[in-house]
Amino acid sequence: MGWLLRQGLSWSGRERNVSFLGLGDGTFLETSGAMGLDLPDDGRSVAQIDWDHDGDLDWIVRARTTPRLRFLENRLPRRGQWIEAKPVGVAGAIGARLEVRAKGRTTPWLRTARAGEGYLSQSSEWLHVGLGDQTQVELSVVWPGGTREAFGEVATGQRYLLVQGEGRARESSPPSSQALEKTQEPLGERFGSKGRHVLAVPHPLPSLLVESGTKQATLGGILAQRQGRTQKPVFLMLWSRDCMPCVAERGEWASQRKAITESGLGVLALELPLDPGSTDSIAPSSDWPYASATCPEASANLLHALACYFTDSTLPLAVPMGFLIDGKGRIQVLYWGAASVEEVLGDRALFDLSGPERLRAALPFDGLYWEPPSEPDWNRWAGVLRARDLPEVAAEVEWGLISTTDVQGPEAQYQIGQARLRQGRLEDALPHLTQAVEAAPRIARYLEALGQCLHGLGRSAEAQTYYERALVAQPRNSMVLYSLGSLQSSAGEVSAARRTLGTLRPLDPDLAERLRLQIEAKEAESK
């Protein structure tokens with residue numbers, strides 16, 4: 001399902017919304033098209049409210065696709081009478097049932113106050129009842145707990161508060177309309193007409209190889225960023241000769257050379273190779289005043305992987321695309337489509353933002369936020385790159401895990417050893433993890449990592465020793481218990497493995513189940 005969403009697809013096949021009209025005789029008529037509701041939104045729920053207080057119900061539809069919320073105003077000619085009533089209970093009104101009775105009608109109209117209706121939706125607390133040609137009705141409420149209270153006869157076409165214990169309905173006027181204050185600029189103005197993705201946490205640009213004629217150069221680099229090297233901020237513009245919007249973007253940037261030069265922003269146009277079947281090559285203007293280079297396939301794959309990682313997408317690489325890089329070598333903003341000079345120069349104000357201010361710049365709605373993490377999620381980032389067959393870049397990213405300048409200290413040695421473990425380089429990881437444990441022999445995660453390394457190398461007795469030492473330091477570590485039980489089972493120590501299983505079961509039932517299956521498989525094998 002997640003894969004479908006990242007592809008921009010729908011798990012329900014672009015289902016159109018459907019509505020049915022009750023005919024009063026137990027049958028329904030499909031009216032989606034006639035009512036303008038058959039929209040391809042993958043609708044999930046409908047909340048009902050008399051938004052404009054005109055006596056009929058309007059809808060707010062929640063959908064999976066955009067727009068996530070759609071307001072549908074009921075503009076059909078209203079026929080007949082109505083009332084709206086809001087039960088107000090001493091201990092709340094959720095579950096209260098409104099009964100509306102009219103002369104000459106044996107069956108009452110019933111409405112219930114609910115805590116929710118449909119998927120993540122809640123209709124208005126005002127219970128709406130359509131009454132046909134009735135002008136007078138009697139109201140009563142069955143409160144949560146079963147007590148019934150009559151509120152007497154009322155005129156239709158009104159709103160009433162029904163307060164528990166009062167025994168009479170209070171007329172209630174709808175709130176007066178007030179112009180909403182404009183608290184922020186419209187989203188379209190804030191984010192532009194094209195895609196613009198501000199990173200909540202700026203990420204360093206990994207080493208990116210580009211070519212210019214017979215020369216090659218490397219941009220960015222995790223190590224350079226970690227060492228605090230500074231550079232000129234730069235806008236990386238990805239383009240192709242078979243892309244008309246790319247050529248138009250280059251023309252705009254070339255025409256504003258003075259403003260760009262005065263801003264101190266560098267510009268590098270990276271040309272992607274043409275598709276083999278393309279016949280629409282466009283000759284760009286020859287008076288390009290900035291640096292240019294070609295983008296090898298490996299570098300294009302890296303930029304595509306970064307774009308997909310930042311937006312949690314797997315859509316194909318498309319140009320024009322741009323990356324705004326600050327003076328510390330960090331990616332600040334990703335642009336889908338042609339980026340205007342004014343927009344990019346304005347985004348330089350983002351470079352010094354952090355904390356809640358950074359989140360407000362990155363997210364579409366204002367609010368109160370916790371302080372964001374000060375570092376990228378290096379582990380996840382490296383894993384994504386390795387999964388996209390970019391092991392060299394993943395290895396470079398893993399150096400970001402080393403957050404201390406004391407590379408001989410136990411924490412640095414542990415982090416280097418962990419990076420080697422993830423790469424499957426167990427022999428290389430062993431000395432670093434050993435040094436970390438020797439320097440800090442009571443840190444559970446150091447002991448656990450060394451046990452995992454020795455376990456992978458087939459040195460089971462030594463691995464068991466370090467697992468047991470890790471459990472002395474942290475007895476409720478379910479992952480260490482699972483690793484120890486797995487090692488005991490594979491070594492034929494079934495009784496010991498079952499004792500470990502008993503300790504693990506209340507801590508992590510899922511891991512315990514996995515260990516149980518391993519133990520039973522070993523027992524069956526030995527019979």
Side-chain angles (χ1 to χ4, degrees), residues 2 373 375 377-384 386-387 391 394-395 398 401-404 409-527:
E375 290 280 346
D377 187 343
W378 302 98
N379 276 319
R380 178 173 177 268
W381 193 12
V384 169
R386 186 165 283 109
E398 283 171 334
L401 288 164
I402 303 175
S403 56
T404 174
E411 180 63 21
Q413 291 299 312
Y414 164 73
Q415 291 177 354
I416 294 171
Q418 279 285 70
R420 298 293 180 265
L421 276 181
R422 284 189 294 272
Q423 295 165 8
R425 297 161 57 185
L426 303 184
E427 292 286 359
D428 293 336
L430 183 59
H432 297 288
L433 296 174
T434 301
Q435 185 172 335
V437 168
E438 289 173 350
R442 296 182 180 178
I443 303 296
R445 55 196 175 95
Y446 296 178
L447 294 163
E448 177 187 1
L450 181 53
Q452 290 174 342
C453 184
L454 292 166
H455 193 166
L457 289 170
R459 294 160 63 172
S460 300
E462 296 172 84
Q464 182 166 336
T465 298
Y466 286 105
Y467 285 150
E468 291 170 347
R469 286 176 58 184
L471 288 171
V472 170
Q474 199 174 63
R476 295 176 60 83
N477 189 319
S478 57
M479 197 64 225
V480 176
L481 282 166
Y482 171 76
S483 298
L484 175 60
S486 179
L487 185 149
Q488 291 168 332
S489 175
S490 61
E493 301 174 13
V494 176
S495 298
R498 285 205 170 274
R499 288 194 295 271
T500 303
L501 175 62
T503 306
L504 175 61
R505 183 170 281 117
L507 300 177
D508 193 322
D510 292 336
L511 281 178
E513 179 63 16
R514 289 171 55 185
L515 179 57
R516 182 187 68 81
L517 294 174
Q518 291 181 31
I519 294 172
E520 290 181 355
K522 188 66 177 180
E523 288 175 329
E525 179 185 316
S526 61
K527 288 181 180 178

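Here the structure is a predicted model, which is why all the values come from computation and not from measurement. Positions are given from 1, in the same order as the sequence printed here.
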### Message
With side-chain contact (heavy atoms from CB on, under 4.5 Å) as the criterion, how do Ile519 and Lys522 come out once you've worked through the C-alpha distance, each side chain's angles and the decisive distance to 0.1 Å?
### Response
CA-CA 5 Å; Ile519 294 172; Lys522 188 66 177 180; 5.7 Å; no
### Message
Apply side-chain contact (heavy atoms from CB on, under 4.5 Å) to residues Leu481 and Leu501 and explain how you reach the verdict.
### Response
CA-CA 8 Å; Leu481 282 166; Leu501 175 62; over 6 Å; no
### Query
Is there side-chain contact between Gln464 and Glu493, with at least one heavy-atom pair below 4.5 Å?
yes
### Query
Between Leu454 and Leu426, is any pair of side-chain heavy atoms under 4.5 Å apart?
no
### Nearest non-hydrogen partners of Ala440 and Pro410, listed with the distance
CB-CB, 4.4 Å
#### Entry: Distance-minimising heavy-atom pair for Leu487 and His455
CB-CE1, 3.6 Å
### Heavy-atom side-chain contact between Gln435 and Ile416 under 4.5 Å
no
### Query
Does the side-chain contact (heavy atoms from CB on, under 4.5 Å) test come out yes or no for Arg459 and Leu430, once each step is laid out?
CA-CA 12 Å; Arg459 294 160 63 172; Leu430 183 59; 3.4 Å; yes
### Query
Given Tyr466 and Val437, is the side-chain contact (heavy atoms from CB on, under 4.5 Å) satisfied, shown in steps?
CA-CA 10 Å; Tyr466 286 105; Val437 168; 4.1 Å; yes
### Task
Supply the atom-to-atom distance Ile443 CD1 to Arg469 CZ, rounded to the nearest 0.5 angstrom.
11.5 Å
## Note on the structure
Residues passing the salt bridge (charged side-chain N to carboxylate O under 4.0 Å, His left out) test with Glu438, sequence neighbours excluded, are none
### Task
Please check if any side-chain donor atom of Thr500 sits under 3.5 Å from a side-chain acceptor atom of Gln488, or the reverse.
yes
### Query
Of all residues at least two apart in sequence or in a different chain, which pass the salt bridge (charged side-chain N to carboxylate O under 4.0 Å, His left out) check with Arg380?
none
### Query
When rounded to the nearest 0.5 angstrom, what is the spacing between CG in Asn477 and CG in Leu504?
10.0 Å
## Note on the structure
Tightest non-hydrogen contact, residues Tyr414 and Ala436, listed as N-CB, 3.9 Å
### Task
Give a yes or no on whether the backbone of Tyr482 and the side-chain of Ser486 come within a donor-acceptor separation of less than 3.5 Å.
no
### Query
Would you call Glu411 and Arg445 a salt bridge, using N to O less than 4.0 angstrom?
yes
### Task
Grab the two heavy atoms, one from Ser489 and one from Gln518, that are nearest each other, plus how far apart they are.
OG-O, 3.6 Å
### Query
Sequence neighbours excluded, which residues qualify as side chain to side chain contact (heavy atoms under 4.5 Å, CB included) partners of Arg425?
Arg420, Gln423, Asp428
### Query
Taking side chain as C-beta onward, heavy atoms only, is Leu421 less than 4.5 Å from Leu433?
yes
### Message
Could you report the tightest heavy-atom contact between Cys453 and Ala429, atom names first, then the distance?
### Response
SG-CB, 4.3 Å
#### Entry: Shortest non-hydrogen separation from Leu507 to Ser478 and the atoms involved
CB-CB, 4.3 Å
### Message
Donor-acceptor check, side chain of Ser483 to backbone of Met479, threshold 3.5 angstrom: yes or no?
### Response
yes
### Query
How long is the gap from CD on Gln418 to CD on Gln415, to the nearest 0.5 Å?
9.0 Å
